[in-house]
Amino acid sequence: MMFNNWMFLHSFFFLQVWRLITNFLFFGPVGFNFLFNMIFLYRYCRMLEEGSFRGRTADFVFMFLFGGLLMTIFGLFVNLVFLGQAFTIMLVYVWSRRNPYVRMNFFGLLNFQAPFLPWVLMGFSLLLGNSIIVDLLGIAVGHIYFFLEDVFPNQPGGGRILKTPYILKAIFDTQDEDPNYNPLPEDRPGGFAWGEGQRLGG
């Protein structure tokens with residue numbers, strides 16, 4: 001029995017299964033690109049969680065799992081090992097499509113509406129000398145999720161394909177949110193520190 005357990009543990013660590021998760025946590029060496037990704041990951045993950053996913057933690061986690069699975073599969077075909085930046089772009093894409101009327105200002109130089117944000121970031125990444133394959137992967141996965149979750153269910157003959165497993169709802173979903181909750185101005189959807197977002201007509 002002990003021998004069988006040891007063989008299982010040996011096989012588990014030999015296959016390095018944990019890399020299926022840790023590859024999303026690597027953003028390269030510490031530098032401008034690293035800080036850039038960390039800021040965007042934190043900000044847009046937070047705005048999604050407190051915005052369209054408020055009170056729907058299980059759905060939020062399911063988006064992570066669905067996006068991570070697709071990226072892992074697609075990454076095999078384009079030889080991408082580290083997917084942290086692609087995951088960040090996916091979050092940005094989903095947020096931008098769910099907030100189409102938010103005006104963005106990028107470094108005080110460029111004004112545009114939120115749906116263009118992922119493409120602006122891809123162009124900026126290209127200027128930094130990075131491969132745009134990573135950004136395109138994040139955009140593609142984000143678009144697939146957005147289409148299946150927000151677009152297809154509202155089409156004639158469409159339906160909801162993505163359904164959060166009950167076990168996730170049992171683990172993560174809690175009591176109903178306070179209906180009188182009013183987020184602070186800095187917690188509401190918008191731009192980022194160097195480019196504030198404003199709704200049209202606001």
Side-chain angles (χ1 to χ4, degrees), residues 20-28 32-75 78 80-107 112-126 128 130-152 162 164 168 172-173 183 186-197 199:
L20 293 174
I21 298 176
T22 57
N23 73 93
F24 292 100
L25 305 178
F26 181 77
F27 295 92
F32 180 78
N33 193 55
F34 174 85
L35 295 176
F36 197 76
N37 276 285
M38 292 301 295
I39 291 172
F40 272 78
L41 176 64
Y42 168 77
R43 183 164 182 83
Y44 287 94
C45 184
R46 179 184 178 187
M47 288 199 294
L48 278 173
E49 183 180 17
E50 298 184 354
S52 59
F53 284 103
R54 181 164 184 82
R56 299 168 52 216
T57 305
D59 295 337
F60 191 50
V61 173
F62 182 65
M63 180 187 69
F64 276 37
L65 297 176
F66 176 79
L69 177 63
L70 282 188
M71 285 183 199
T72 301
I73 295 174
F74 293 162
V78 292
L80 280 180
V81 179
F82 302 112
L83 301 171
Q85 182 175 335
F87 189 81
T88 300
I89 294 296
M90 180 195 76
L91 297 178
V92 172
Y93 184 90
V94 173
W95 176 87
S96 68
R97 293 302 300 269
R98 288 182 171 178
N99 296 271
Y101 302 112
V102 174
R103 295 283 299 179
M104 310 296 295
N105 183 291
F106 193 68
F107 286 108
F112 53 90
Q113 289 181 246
F116 292 101
L117 179 58
W119 304 101
V120 171
L121 294 179
M122 185 179 71
F124 186 70
S125 181
L126 185 63
L128 293 177
N130 301 322
S131 172
I132 62 172
I133 299 286
V134 179
D135 298 80
L136 287 174
L137 177 60
I139 290 173
V141 173
H143 181 74
I144 291 173
Y145 176 83
F146 175 76
F147 178 81
L148 294 178
E149 180 70 13
D150 293 45
V151 178
F152 185 68
L162 298 180
T164 303
L168 291 180
F172 293 103
D173 282 352
E186 61 267 23
D187 292 336
R188 294 169 186 163
F192 30 90
W194 47 81
E196 294 300 326
R199 292 190 179 276

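Remark: side-chain polar atoms of T72 are paired, donor with acceptor, to backbone N or O of G68 under 3.5 angstrom.
By the 6.0 Å contact criterion, OH on Y42 is open, its count of non-hydrogen atoms from other residues, nucleotides or ligands being 12 or less. Crowding of F116 atom CZ: a count of heavy atoms from other residues, nucleotides or ligands under 6.0 Å not exceeding 12.
Taking every heavy atom of both residues into account, L91 and C45 meet most closely at CD1-CB, 4.0 Å. The minimum heavy-atom distance linking Q85 with V134 is given by the pair CB-CG1, 3.7 Å. When every heavy atom of G142 is checked against every heavy atom of V94, the shortest pair comes out as O-CG2, 4.0 Å. Nearest approach of F112 to L117, heavy atoms of both residues: CE1-CA, 3.7 Å. Pairing each heavy atom of S125 with each of S131, the nearest pair is OG-O, 4.4 Å. Minimum heavy-atom separation, S52 to R98: OG-NH1, 3.0 Å.
How far CE of M90 is from CG of L83: 11.0 Å, rounded to the nearest 0.5 Å. Annotation: the span from M63 atom CE to L48 atom CG amounts to 5.5 Å, rounded to 0.5 Å. For the atom pair CE of M122 and CD1 of I89, the computed distance is 9.5 Å after rounding to the nearest 0.5 Å. To the nearest 0.5 Å, the span separating CD1 on I132 from CG on L126 amounts to 6.0 Å. With rounding to the nearest 0.5 angstrom, the OG1 atom of T88 is 11.5 Å from the CD1 atom of I39. The CD atom of Q113 sits 5.5 Å away from the CZ atom of R103 when rounded to the nearest 0.5 Å.
Taking the six-membered ring where the residue is Trp, F146 and Y93 present perpendicular rings, their angle passing 60° and hence far from 30°. Below 30°, between 30° and 60°, or above 60°: for W95 and Y44 the angle between ring planes is above 60°, a perpendicular geometry.
Side-chain contact between Y145 and L70 is absent, with no heavy-atom pair separated by less than 4.5 Å.
A ring-ring contact (aromatic ring centres under 6.0 Å, His included) with F64 is found for one member of F66, F62, F60 and no other, namely F60.
A cation-pi arrangement, defined by a distance under 6.0 Å to the six-membered ring centre and an angle within 45 degrees of its axis, is absent between R97 and F147.
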* Output, in order, the C-alpha distance, side-chain angles, deciding distance and verdict of side chain to side chain contact (heavy atoms under 4.5 Å, CB included) for T164 and F172. => CA-CA 11 Å; T164 303; F172 293 103; over 6 Å; no
